Amino acid sequence: MVVALAELLVLLLLAGLLLYALGTSSARPSDSGPARLSGRRRAGPADAVARARWAPAHDEVDGQTRVLLRRAYAGPDGLPVVLEDRVYTAFPSGDPAWEARFTEAMAGARFRCSYLNAEESVN
């Protein structure tokens with residue numbers, strides 16, 4: 001009985017050492033230095049940035065409605081990655097003519113974005 005308990009203790013000790021060794025070796029950084037992307041993977045983000053498009057957007061900051069020209073592309077997770085925001089116009093959020101101003105500003109921003117996209121596609 002004592003021998004069986006001793007064998008079980010040794011077996012558990014060896015299993016624990018094995019799990020510890022596996023855990024530390026998987027957490028240790030490799031000696032090959034920083035991970036390098038293959039040419040194909042490196043080209044992916046560069047192609048996505050090259051295909052970035054201008055689109056109108058809006059937000060509200062400090063009581064001001066801002067109409068933006070936003071250059072973005074779809075990231076690897078499908079969510080937009082914003083490269084640049086330009087304020088097209090801003091006006092008070094409490095303005096009585098807010099809806100008319102907003103509609104006019106968004107129409108102007110759409111026109112400006114189409115111009116910027118056409119200009120970039122030529123280059």
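As the structure is a prediction and not an experimental result, all values here were calculated from the model.
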Visitor: Please report the closest heavy-atom contact between Pro56 and Cys113, naming both atoms and the distance.
Guide: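 Shortest heavy-atom separation between Pro56 and Cys113 comes out as N-SG, 3.5 Å.
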
Visitor: Once rounded to the nearest 0.5 Å, what's the spacing between atom CG of Asp59 and atom CZ of Arg66?
Guide: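 Nearest 0.5 Å value for the CG-CZ distance: 4.0 Å.
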
Visitor: Is there side-chain contact between Tyr115 and Trp54, with at least one heavy-atom pair below 4.5 Å?
Guide: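 Side chain of Tyr115 against side chain of Trp54, heavy atoms only: no contact under 4.5 Å found.
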
Visitor: Sort out for me which residue in Arg71, Arg53, Arg51 forms a side chain to side chain contact (heavy atoms under 4.5 Å, CB included) with Glu120.
Guide: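 Passing option: Arg71.
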
Visitor: Tabulate below the donor-acceptor pairs under 3.5 Å that side-chain atoms of residues 75-87 make, not counting sequence neighbours, or state none.
Guide:
{"unit_1": "Asp77", "atom_1": "OD1", "unit_2": "Leu79", "atom_2": "N", "d": "3.2"}
{"unit_1": "Glu84", "atom_1": "OE2", "unit_2": "Arg86", "atom_2": "NE", "d": "2.8"}
{"unit_1": "Glu84", "atom_1": "OE2", "unit_2": "Arg86", "atom_2": "NH2", "d": "3.3"}
{"unit_1": "Asp85", "atom_1": "OD1", "unit_2": "Arg70", "atom_2": "NE", "d": "2.7"}
{"unit_1": "Asp85", "atom_1": "OD2", "unit_2": "Arg70", "atom_2": "NH2", "d": "3.2"}

Visitor: Treating Ile, Leu, Val, Met, Phe, Trp and Tyr as nodes and any side-chain heavy-atom pair under 4.5 angstrom as an edge, say whether Leu68 and Phe102 lie in one connected cluster.
Guide: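 No, separate clusters.
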
Visitor: For Glu104, check side chain to side chain contact (heavy atoms under 4.5 Å, CB included) against everything at least two apart and list the hits.
Guide: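 With neighbours one apart ignored, the set is empty.
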
Visitor: Suppose clustering is done on Ile, Leu, Val, Met, Phe, Trp and Tyr with side-chain heavy atoms closer than 4.5 Å. Which residues sit in the same group as Leu8?
Guide: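 Same cluster as Leu8: Leu12.
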
Visitor: Could you note down all residue pairs passing side chain to side chain donor-acceptor pair (under 3.5 Å) where residues 87-101 supplies at least one of them, sequence neighbours left out?
Guide: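 Those involving residues 87-101 are Glu60-Ser93, Thr65-Ser93, Thr65-Trp98, Asp95-Arg101.
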
Visitor: Could I get the full list of side chain to side chain contact (heavy atoms under 4.5 Å, CB included) partners for Val3, not counting sequence neighbours?
Guide: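 Side chain to side chain contact (heavy atoms under 4.5 Å, CB included) list for Val3, sorted by chain: Glu7.
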
